[in-house]
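Worksheet for the structure shown next.
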Amino acid sequence: MPELPEVETTCRGLAPTVTGARILRVTVRERRMRWPLVSGFEALLAGRRIKRIHRRAKYVLLEMADRTLMIHLGMSGSLRIVAGETPPRLHDHVDLVLDSGDCVRFNDPRRFGSLHVVQGNIEAHPLLAPLGPEPLSADFDGATLQRATRGRRVAIKPLLMNAKIVVGVGNIYASEALFHARVHPWKLAGRLSVEETERIASAIKAVLEAAIRVGGTTLRDYVNAEGNPGYFRQKLYVYERTDQACLVCDAPISHRVQGQRSTYWCPQCQPGRTPRTARRSRRGAAQ
DNA sequence: CTTTGCACCTGTTGGC
DNA sequence: TGCCAACAGGTGCAAA
């Protein structure tokens, strides 16, 4: 579900409620996540005050004096603020009940998400340490991307989704950014020109920023901290638009599975070849 | 080292 | 109506 804009939107939505609040108690209804919740998870948080909330890659970080609660939303997770007495619904796995009477509620049908309590330097955590630069920071630009692509024989689209290269770019925004950069998703990363990596880096920033501005993309599950969807879906140019007319040139949008993920592109705006392996099923946005 | 494919889960959808 | 296969905003890990 969530890529960087959705995680960022979640953080911003939680911030006013969570910043400075004390966690009175923690209720866990399901410990089986991507990584099972450690025994004693609740006690590691109860009574602690949240100093601030921020984000690294797709992780939500709730920072306390000497520890950090690190939450990943996986494919189907969400964090919402509800009133303390709100009865739990299906897949409401974890509650943080705050001294304000509000409750931070973690819901995740597929349970690909995770929650870790990290003591000490958060950036040194094994899940964070290997991560690449933040796409919206000055640490990421055309030159960074150019350097990262040299000698790579992977196609650019899966490379963009590799968090060691750059974090936060998932399946939707990878296709969207390549469309705006006018680069074919199957183009080999190592063969990109300086101009192309420049355009891709700029497109990534532009697309992510635009998505954040409207609260992210909701396809099916995603809701922000208030339970509302994001509206970037209306601004998607290729994702889930198979066979529909390109909004720029009218050509029908193409779709193909690439590295087990759906890839969408405009064959006219993004000229290039797809390797001629077996065609796979196509599934447009019927809605 | 890089690249590829699987696995983890539940829910929804489309075709027969 | 029912059943089943395919697919879904992620990503660590093992195998090649």
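Lettering follows sequence order; numbering is per chain, from 1.
Among the heavy atoms of the strands, none lies under 4.0 Å from A:Leu159.
Remark: A:Asp95 does not engage A:Arg25 in a salt bridge, criterion side-chain N to carboxylate O under 4.0 Å. The pair A:Glu176-A:Lys235 does not meet the salt-bridge criterion, since no charged nitrogen lies less than 4.0 angstrom from a carboxylate oxygen. A salt bridge is defined here as a Lys NZ or Arg NE, NH1 or NH2 lying under 4.0 Å from an Asp or Glu carboxylate O, and A:Arg12 with A:Glu8 meets this definition.
In this structure, of C:dG10, C:dG12, B:dT3, it is C:dG12 that holds the atom nearest to the side chain of A:Tyr59. Relative to the side chain of A:Arg152, the nucleotides C:dA8, C:dT11, B:dT2 differ in distance, and B:dT2 lies closest.
Using a 4.0 Å cut-off, no side-chain N or O of A:His72 falls inside it from OP1 or OP2 of C:dG10. Contact annotation: A:Ser262 side-chain N/O to C:dA8 OP1/OP2 distance is under 4.0 Å.
Around CZ of A:Arg191, the count of heavy atoms belonging to other residues, nucleotides or ligands within 6.0 Å does not exceed 12.
C:dC4 and B:dG14 make up a base pair, with Watson-Crick or G-U wobble contacts both under 3.5 Å.
Within residues 106-116 of chain A, the residues approaching DNA chain C are A:Arg110, A:Phe112, by heavy-atom distance under 4.0 Å.
A:Phe232 and A:Tyr173 have tilted rings, their planes meeting at an angle from 30° to 60° on a 0 to 90° scale. Ring geometry for A:His184 against A:Trp186 counts as tilted: the plane angle lies between 30° and 60°, on a 0 to 90° scale.
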